[in-house]
Structure formats: structure tokens, C-alpha cells
Amino acid sequence: MIERQQLKKIIEGALLAYGQPLTVDKLHSLFATQMVDTEEGDPLPTQTQVDKSEIIDVLAEIQSDCENAGYELKEVSSGWRFQVREEMAPWVNKLWEEKPQRYSRALMETLAIIAYRQPITRGDIEEIRGVAVSSYIIKTLTEREWIKVIGHRDVPGRPSLFATTKQFLDYFNLKSLEELPSLQELTDIESINPELNLEVAEVVEEVVSAENSQKFVEQDNITESDNTVLEAETEAEAEADTQQESLHE
Amino acid sequence: MIERQQLKKIIEGALLAYGQPLTVDKLHSLFATQMVDTEEGDPLPTQTQVDKSEIIDVLAEIQSDCENAGYELKEVSSGWRFQVREEMAPWVNKLWEEKPQRYSRALMETLAIIAYRQPITRGDIEEIRGVAVSSYIIKTLTEREWIKVIGHRDVPGRPSLFATTKQFLDYFNLKSLEELPSLQELTDIESINPELNLEVAEVVEEVVSAENSQKFVEQDNITESDNTVLEAETEAEAEADTQQESLHE
Amino acid sequence: MTITSQDNEIAAEDSQLPVTNTSTAKQEGVDSMQADNTSNSPEQNEMPFALVNGEAYTELPKDLYIPPDALEVILEAFEGPLDLLLYLIRRQNIDILDINVAAITHQYVSYVEMMSDLQFELAAEYLVMAAMLAEIKSRMLLPRTQEEEEEEDDPRAALIRRLQEYERFKTAAEDMDGIPRMHRDIHQATAQAPDRNLTRPDPEVDFKEILLALSDVLRRADMFESHQVEMERMSTRERMTKVLEHLSVEKTFVPFVSLFKVEEGRLGVIVTFMAVMELIKESLVDIVQNEPFGAIHVKAKAD
């Protein structure tokens, strides 16, 4: 057995040396295999058996250790990473001459729509935004590896279906899409005006649910199975339910 | 004045965010200038005056803080940096899949010559190979403990005499040097029948050496003494003859 | 990550904008300008977004009249017809659900007309929206039969739906912009990794490789002719190493006979003898015999 203190030091070292998020599995793999003998016959490091649960414990321990430090241990989508706290940014950012990049509203809106409505085609995004989505934005988001094509909708032209990536979540300090700020509630459409009667509302409802079910049917065509997508789906479904509920009221 | 605890957090953060050595001057510069307003109109961090001596104090403090951590704060020539402790290397370095390295042709030749012509000086090897033997090769082979100096030739300069080691034999699963394939077999390949013109000779050579190398693999299984090897040799000779004959036809 | 790429982005988006990039002062930060003045997004800034006749405008004009020179700049701040409509609605501080289609249509069309008058190249989306608004307005004016109401979707509902949906994502984008982000608010912590050489595995070597290397050497040696590699029994070479090692350890003269071991038998004795002869030939050992038929002693030369 490897000593707890040593285990902690190794995990700290690995996280800092790697400079990217590490999963518990990956951390575990550092201990899983037996150290290979060298011809020199050097004393072998003690063989170790470390449980994943122990690694998780240690991560929690490290996390509380650095509560008062300038950095924190955080779990994001692709694993655990040490990161310098937000509060330090005003000073830390002065290390670099360049200012942190800012993104245009058009880009952020496109990204938000993809994040909340994935998987989604460019046409769908344009429908929501009311304007064409520039190829430059799609290119930038793809190059940043924030979005990717996860399939094609089975309609003429077979448009690409976009979804966000793990890198997107990592970049925005998130563990999963569920951590995104919740979308603004939709106000009851029936309360619009006395002129609009219930029947109209129902028609709207049908349109909305038809649209939704269409989307889910299409998702069946996506071959790639991806947790993120599944999560998004569930979320979208939940949301659709909420919408329907509010319409029924 | 900036609080000591805050100063420490900022310095920790800066060092970890930068990931490269930072000088005390550079760290100091993070505090020296007044914080410039950002367009966002965020509340300004308090203006600070920090002495360099204070930064040095803090660095020492951080250094002792991480005495029991998997990393250390170290001053190198270009400044201060956090580095993962060397003791963590056996685990941490497993994060990177190392492709098995390969030795250079020159190293393999040197090793072959030492194996077959030991004890031998570097000068002798150079004479045989026709080119200088780099110190790096000798160092690598020595560090691997495949060769060692077993004496010195009593000539001006007293050059070292190299020989292979027990570890060398162990690695190649040999009981003694006698089990090395005999030079005879190799030179058979080389000593092409003079009657053959060069072109033909080259063809034969290729065929035979391919066969021979195959045979050497098989020889690994041979535990018996020289006799078998000699038989195999004779066989190889006979075979080569046959081939040569057929080429003559 | 660079500022230039941001510029590119602005440039690229220009093609999407409802107006051509004609003349007026374009300033940095235009892209972040907020059309929605109810927003308190961090992107809002103090900088005037337009200079018209030398006068700085720090907020959007309250009335419909927009100095022509500023129109282009203002339009760049809108992300499309929905955004413009939202602005018009929000400016009146009314709920989307209560929109007066007639009034909004009027305002919207005024904008669009002004743009046309100024011969700005309007994006098609703006015109489509104008047409849609006009249609809604006209339909709302017409008396509707019960049958129609049952069959048709209220045109206003669809518009409201779109506006709401767009506004949700507009807000979501602003919220997302506020999330702590890498390289801006948070930074990956890294430390120097341990030296890889500490654990780098040694290359694997197949004995065949040694043989191939040797065969190359021999071939070259043959080519140069001057270095004839002798063929000899390996046992002799090995014994030479062993004898030399032994002598190096002893560092003094050792009896010649002590090099031989009875248990090795006749062959062993011969091999050792050959090895010593070879060592003498190569001047690696000194051999002394003080008197004829006396004891022979051997010593490594260098040590």
C-alpha cells in the first residue's frame, strides 16, 4: 500500500505537471501498473494498490487544503485541475501584455444557442437569431474546439448538427451543461392579450411540441453517442416539458 | 498596503499561472503600477505599494509552506518557479506515453564491435568503424551497464579497455559470450565467392543475410553447445553454395 | 487569442450587417456596444459610440431621429431585425407580450425606410421583418371569422414567440459572458514537470540488430580492406576479458598457473592459454619468468 501522504504528493505533482485536467481514471492509472524492473536491479518502488475511492478522498483533501491559497482544485468536464483563482486575475493578467480576448455578441449568442439547444443546425440558429450566422463564427468556434459537428440532420442538404465539446465546458469552468445559468423563463403566452383566446395558445403549443419532437426524432440519426449530447437532450426534454406545462396552465 | 496573506496568494497565483520562472522584479511589477481601469468599470483593486523585500519574504514563506507537498518553489537562473519534486517522477512521468527510444546505428555498431572484439579501446573501435566514436555512445552504453572499463592499454594516453558485462549477457539471455553467433557465420555472408561479379554477389548476400537473421532467432532456443551452431554453420554454407550454383546456371 | 483576430471577426461580421461600411467613424468597441439600454452588461462602457458633427453620443438617441452619420454605427450594434425590434420595444418600457404591433411596425418601418433613403444596403432579413410586421398589422385590423381563428395561428403570437426566444438567448449569451473563463478570469496552474530522463525507459534491443550492425561494419571493413576483422573463437575473447578483469583486481603479479582451473578441463586450459597469449600479443599484460622453468607470473600492464 502506498502511504496516504505520498499519494497526495503524487496527485498534486501530477496535476501540476500535466497542466491540463486529469480524470480520476487517469490518476488511478499512475498507480495501477506494476513498476517495471530495470536491468540495473535498482530497488523497485514499492508496489502499490490504490483505490479510486482513495484518490477521490485525496482530491477532496487537497481541495480543502488550498482553501486559503491563490489557487484551487476544481473539477471541470474533462477532469480535475489546479487553477489560479478568479480573485487573482487583476494581478495575474498583468503577466501578459495581451489583454484577454473578448468575443463579439454575435459569437456569444451563437455559442449560447448551441450550448442550450444542441444538437442544432446552422439554420436553426439563424431562425432564432433572425440573421445569417457568419461562417467566420462557426469557424472560430470550431477552431477553438468549443463546438463540433456530431452528425447531420436527415433532411435535404444534410445540414451539420453542432454540439458543444468538453473543451467548451473546461474553458468556461464548468463540469457539465447543467451548470450553465438557467435560461430565462418564458412568460405565459396566453396572458398576451384578451384577444388571444385559448385555442390560439393551443395551436402554438402544438407547433412547439411538434418542433421539439421533430428534433428528437432527428437525434436518433446521430450515430455518435456522446454523454454531452445525452445530457443536452435530457435537458431539452425537461425544458420542453416545462414549456408545455406552462402552456397548459 | 496590500495584506500579507493576499500578497502571498497573488504571488502563488502568478507563479502557477505563468508556469515559467518569474523574477522578483517581474513579480514586483504586478504591484508597482496603479491598476488600470478596465472598460467594464469593475471596482478597482486597492492601490498597493509592495516592497521587493516583502516579495522575497513571501517567496521564502511559500517555499517552506510546500515542504511536504508534491511540488517545491525553487529559484533557478531565470527566476522563481514551482516545480514538481523529482521523487514524484516515477509516477508523474507516466502521464506521458514514452515511445520506446531506439539506439542509433553508430551505437549498435559500437556495441557489436565491443561484444565481438573485447577487450578493446575506443581507438580500435574507431579504426574498425572508420569514424570517430562519440563520447555519448560510450556514456550511454556504460550507463546501461552493458559495457565497462576492465583495464587500460599500456600505451601513451593509457586508453580504457572496454568489455561487455554480465548485464549485457543477461539482457540478451546468453550464458556466456560463447553463445554469441559466431563471426564465421557473418563473415560467410561477406566473403562472397570472388568469381561472382558484384551485382550477383549483392543479391546473394541479401538473400543469405535475411535467412541468417532468421536463423539467429531460432538459435535463441538452442541450449546445446557449439556443435549445433557449427552444424548450422555448415548447413548455411552448403545452402549458400547451392544458391550460388543456381545463380551460375 | 490575439487582438488581430478580433479585428478580423469584426470585419467578417460586417458583411452580415444591414448596412455597408461606407464612411463614418468606426471605433473600437463598437462590437460590444449595447443596443439594449436596460442591460447592465459589463461590456457597456463610457466611451461615446458615435461622433456626429463633433458631438459625442454616449447613448442611443431617445427619439426616432438619428443623425444620418450615426445610423450606420447604431445599426452595427444590432444583431439583426429581432434585436432592433427588441430595442424598440424595450425603449418604450413595455412587455413584449403587450406590444402594440401598429406602433412598433411604424417605428421599425421608419428605420428601414431611412436606411433605404440613405442607400444603405439592407440585409434581406430586415426587409423580411418589415413585411412580416406589415402583414401582422393588416391582419389584426381585419375582422376574423370564428373559423379562421380556429384554423390559424395568431400571427402576433408567432412574432412574440420569436422575440421571446431571441431575448432568452441574448440574455443567455450575456450570462455566459459573465461566467469565469479561462485566460480571462482563471488560469490553469502548472509547475515544471520532473525531468523525463529520470524515468525514460531504455530502448529495447533485439540481438538481430547487433548482428546487422556488425555485418555492416564487416562489410565496410572489407571494403576498406585495411582492417581485416579476424575470425576467432569467442571463448578466447571472453577469456581474455575475464583474465584481464582478474588481473585488474589483483593489481600485482599473479602466478600464471592460478589462471587455470582444473575443473574446466583440457578445453578450458587451452582457451585460457590462448587468451593469455593473445593478451601478451596485444601488450595488455606483462609476463615474467625469473629463471628458466621457474614460476611464471602475469600482471595487467596498465594498472
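Just so it is clear, the values below take in all heavy atoms, side chains as well, and ignore hydrogens, waters and symmetry mates. Each chain gets a letter, A, B and so on, in the order its sequence line appears, and its residues count up from 1. This structure is a prediction, so every number in the text was calculated from the model and none was measured.
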*Which portion of A/Arg129 sits near chain C, non-hydrogen atoms under 4.5 angstrom*: both
*Considering only heavy atoms from C-beta outward, does the side chain of A/Arg81 approach that of C/Ile186 to under 4.5 Å?*
yes
*asked:* Holding to salt bridge (charged side-chain N to carboxylate O under 4.0 Å, His left out), I want the full list of residues that pass it with A/Lys139, two or more places apart in sequence or in another chain.
replied: A/Glu143
*Among A/Val92, A/Leu16, A/Ile113, which residue forms the greatest number of heavy-atom pairs with chain C at distances under 4.5 Å?*
A/Leu16
*Distance-only, no hydrogens or angles: does the A/Tyr171 side chain make a donor-acceptor pair with backbone N or O of C/Met182 under 3.5 Å?*
yes
*asked:* Can you tell me which residue among A/Phe82, A/Tyr71, A/Trp96 is in a side-chain contact (heavy atoms from CB on, under 4.5 Å) with C/His187?
replied: A/Trp96
*So which of A/Ala14, A/Ala17, A/Gly19 has the largest heavy-atom pair count under 4.5 angstrom toward chain C?*
A/Gly19
*Do C/Arg181 and A/Phe172 touch side chain to side chain, with heavy atoms closer than 4.5 Å?*
yes
*Run the salt bridge (Lys or Arg N to Asp or Glu O under 4.0 Å) check on C/Asp177 and A/Arg105 step by step: do they pass?*
CA-CA 9 Å; C/Asp177 209 36; A/Arg105 264 184 64 196; over 6 Å; no
*Residue selection (most heavy-atom pairs with chain A, distance under 4.5 Å) from C/Ala193, C/Pro180, C/Pro81*: C/Pro180
*Decide side-chain contact (heavy atoms from CB on, under 4.5 Å) for C/Asp185 and A/Asn173; before the verdict, give the C-alpha distance in whole Å, the side-chain angles of both, and the deciding distance to 0.1 Å.*
CA-CA 10 Å; C/Asp185 311 298; A/Asn173 205 24; over 6 Å; no
*Are the side chains of C/Thr171 and A/Leu183 in touch, meaning some heavy atoms are under 4.5 Å apart?*
no
*Rounded to the nearest 0.5 Å, what separation is found between the CZ atom of C/Arg184 and the CD atom of A/Glu86?*
8.5 Å
*Side chain, backbone, both or neither: which part of A/Glu87 has a non-hydrogen atom closer than 4.5 Å to chain C?*
neither
_For the residue pair C/His183 / A/Asn93, report whether a side-chain donor-acceptor contact shorter than 3.5 Å exists._
no
_Between C/Arg162 (side chain only) and A/Glu127 (backbone N and O only), is there a donor and an acceptor less than 3.5 Å apart?_
yes
*Please report the shortest heavy-atom distance between C/Ala172 and A/Tyr116, naming the atom on each side.*
CB-CE1, 3.7 Å
*Taking C/Arg168 for the side chain and A/Gln184 for the main chain, is one N or O donor matched with an acceptor at less than 3.5 Å?*
yes
*How long is the gap from CZ on C/Phe169 to CD1 on A/Ile128, to the nearest 0.5 Å?*
4.5 Å
*Measuring from A/Asp170:CG to C/Gln188:CD, what's the distance to the nearest 0.5 Å?*
9.0 Å
*Is the backbone N or O of A/Ala132 less than 3.5 Å from a side-chain atom of C/Glu125, with the two atoms forming a donor-acceptor pair by type?*
yes
